[in-house]
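Reckoned from all heavy atoms, side chains included, excluding hydrogens, waters and symmetry mates.
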Amino acid sequence: MCGVINMRFYGEAIFKLSKQPPKECIEELKGTLEKLNNDILLKGAKKPEDGAKIIEFKSENSELLFKIESGRVVPVHVAALRIKNNIISLLGKKYKIGIRSLTLRNVRIELEEEFSVNIEIPIVEKIETSHGKTVIVLKTLEDTLLQKPILQRLISLIEEKEQRRKWGGKIEHWRKIKESRRKQILFTEDPNIVLERIGWIYNIAPGQWFYTPPFTYIFRKFEEMLIDIILKPLGFIEAIFPKMEPLEIGLKTGHLKGTPNQMVFASLPISYNIEEFETWQDYISIYGEADPKLLQKFIEPPRYYLCFAQCPPFYRFLSKTIFTDRHIPLKWFDRSGPSFRWEGTGGLRGIERLVEFHRVEIVWLGTPEQVIDIRNQLLEKYEYFMDKVLDLEWRWAWVTPWFLVHAGETEEMAEKIDINQPGTIDFEAYLPYKGDRNDPRNWLEIGNISIHGAKYTKAFRIRHAAGKILWTGCSGFGIERWVLAFLAQKGFDKDAWPRIVRDYLRDIPEGMEASNYPRPQYLNLKRDIERKVRG
């Protein structure tokens, strides 16, 4: 990761006045330059070069021009506002002159490093790199923009994008930390294909499936095993989290910035008045089709997104909450509805990769010691569940998510792994139908467990009354993927399943049959599988 970058800001602050100032006013303004340069524009800067300096001042008609050079701590737009606050009293009280507007023009930022990033935002005119420097030229900035920390954000964005590039273009770095022994593989067919052929699942739309009673029963029993064997013994209790979240939540968690390409957004109707939809109704009546482009006229711009990470409403709910030792740790889980992620049609396949999927989301909050201890207890239970209950062939990987590195909650992947710092452990299962286990593409991530550090407690201002640091953790158990991994390794013969699984899955119902469902050529396959799984 790159360290603090040397940078210089240059620009001209133009003050448009209500009238032309007299000569004596100009002379008094010139007299303030020394105070501005030696005091006002250095406040907050430990070194003079980090502050700002007026290198030229002139007056023309009803305009004042201050040419400014500055460093990182007092960037040029901050310097311009400080100048304004310092001269406004002199102009107004003594000379009855108002400041009508303040603009910054010819703004240039020079960075002592060549950056290869591209940024397309309205304030940027161009970015040039040469001879070990990057020069960012900005368009004229109006007064309303100067009130925001736009230049600091711009520099942070450039640094972030450069760091992400050096990170290797990856969202996270992966390193195996634990694995099971090799297990006997009892099945080599693709469960996705089998489940669809026998009619237990039915494709409704890309990445969305209808689950009939046999698969739903297995699905719910896996969920039940997780809760009974892992969560209840550890004291987790159930809550219900919303599944449509306002954009501001995703803004605070970082998902709206980091993963907008995977999020499904939602809009409200323009009105509750049905009369305003008459044109839409008429169109459907005549054409008998739903035109998405026409529909856009009758819905508001998106103000929500469908559940993406499941846990953000937990942090929003706790926003501004003050805890004491008596109230923590807090241990909840949610299984109330689906999550949505758009992975592109090329990445969707059966119940392996979905747009709409289901999981149990486990969340907890406490001191760093409590959060780490709870994570370790969950890991112990997870290992027992994967290895002894389901008898899966599995492995764990320590990953350093980019969002935690950039938030300053953890360091880059070090040579020696410290799983007690913020980061994520991914759980993966081997899928025999995909091929050799030595190929990483033949393993499927079926869940993960994360420590976030103070990333979310800071963002949502969740505090401890005594000033103690509070951390959060979460873990996601993707039901479809766990079922898929189990069937991929154990198949559909109930006699080959581990005892605890057989005990839970005692009464698997029969699937539906009709003259054309499932397809006649797969009817015998359906009946044979149902005979085996029903025991």
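- For the side chain to side chain donor-acceptor pair (under 3.5 Å) test, no residue two or more places apart in sequence or in another chain qualifies with Gln296.
- To the nearest 0.5 Å, atom CH2 of residue Trp209 and atom CG of residue Leu348 are 10.5 Å apart.
- In this structure, Met244 and Cys307 have side chains that are not in contact, with every pair of non-hydrogen atoms separated by 4.5 Å or more.
- Side-chain atoms of Glu380 and Asn376 form no donor-acceptor pair, as typed in the model, at a separation below 3.5 Å.
- For the residue pair Glu393 and Tyr430, no side-chain donor N or O sits within less than 3.5 Å of a side-chain acceptor on the partner.
- Contacts classified as ring pair (Phe, Tyr, Trp, His ring centres under 6.0 Å) and involving residues 352-382 (residues at least two apart or in different chains) are given here: Phe219-His358, Tyr382-Phe427.
- A 4.5 Å side-chain heavy-atom check between Leu354 and Gln208 finds every atom pair outside the cut-off.
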Test ring-ring contact (aromatic ring centres under 6.0 Å, His included) on Phe222 and Phe486 and set out the steps.
CA-CA 10 Å; Phe222 266 70; Phe486 179 80; 5.5 Å; yes
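- One distance of note links CZ of Arg375 with CD1 of Ile449; it measures 6.5 Å at 0.5 Å rounding.
- Between Phe210 and Asn203, every side-chain heavy-atom pair lies at or beyond the 4.5 Å cut-off.
- Residues passing the side chain to side chain donor-acceptor pair (under 3.5 Å) test with Glu189: none are found, sequence neighbours excluded.
- Arg395 forms a cation-pi arrangement with Trp443, by the criterion of a distance under 6.0 Å to the ring centre and an angle within 45° of the ring axis.
- Minimum interatomic distance between Gly350 and Asn192 (heavy atoms only, all atoms of both residues): CA-OD1, 3.4 Å.
- Between Leu365 and Phe323 the shortest side-chain heavy-atom distance falls below 4.5 Å.
- At a threshold of 4.5 Å between non-hydrogen side-chain atoms, the residues Ile229 and Tyr384 count as touching.
- For the 3.5 Å distance criterion, the side chains of Asp228 and Tyr504 qualify, holding a donor opposite an acceptor.
- The two residues Lys526 and Gly511 make their nearest non-hydrogen contact at NZ-O, 3.4 Å.
- Distance check, rounded to the nearest 0.5 Å: CZ of Arg181 to CG of Asp387 gives 6.5 Å.
- Residue pairs meeting the salt bridge (charged side-chain N to carboxylate O under 4.0 Å, His left out) criterion with at least one member in residues 346-355, sequence neighbours excluded, are Asp190-Arg349, Glu343-Arg353, Arg349-Glu352, Glu352-Lys434.
- Rounding to the nearest 0.5 Å gives a distance of 9.0 Å between CG of Leu330 and CD1 of Ile374.
- By the 4.5 Å heavy-atom criterion applied to side chains, Glu300 and Pro269 are not counted as neighbours.
- Not counting sequence neighbours, the partners of Tyr211 by the side chain to side chain donor-acceptor pair (under 3.5 Å) test are Glu480.
- Neither side chain, Glu223 nor Trp482, offers a donor N or O lying under 3.5 Å from an acceptor on the other.
- In this structure, Trp394 has its ring center under 6.0 Å from that of Trp396.
- Taking all atoms of both residues into account, the shortest heavy-atom contact from His255 to Met263 is O-SD, 3.5 Å.
- Distance check: Lys133 NZ to Asn6 CG gives 10.5 Å after rounding to the nearest 0.5 Å.
- Among residue pairs with one or both ends in residues 484-494, those qualifying as salt bridge (charged side-chain N to carboxylate O under 4.0 Å, His left out) are Asp391-Lys490; sequence neighbours excluded.
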As a quick check of understanding, evaluate ring-ring contact (aromatic ring centres under 6.0 Å, His included) for Phe187 and Phe492, giving each step before the final call.
CA-CA 8 Å; Phe187 193 72; Phe492 292 83; 5.7 Å; yes
May I have the step-by-step check of ring-ring contact (aromatic ring centres under 6.0 Å, His included) for Tyr315 and Tyr456, ending in yes or no?
CA-CA 7 Å; Tyr315 314 124; Tyr456 297 129; 4.4 Å; yes
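- To the nearest 0.5 Å, atom NZ of residue Lys381 and atom CD1 of residue Ile230 are 8.0 Å apart.
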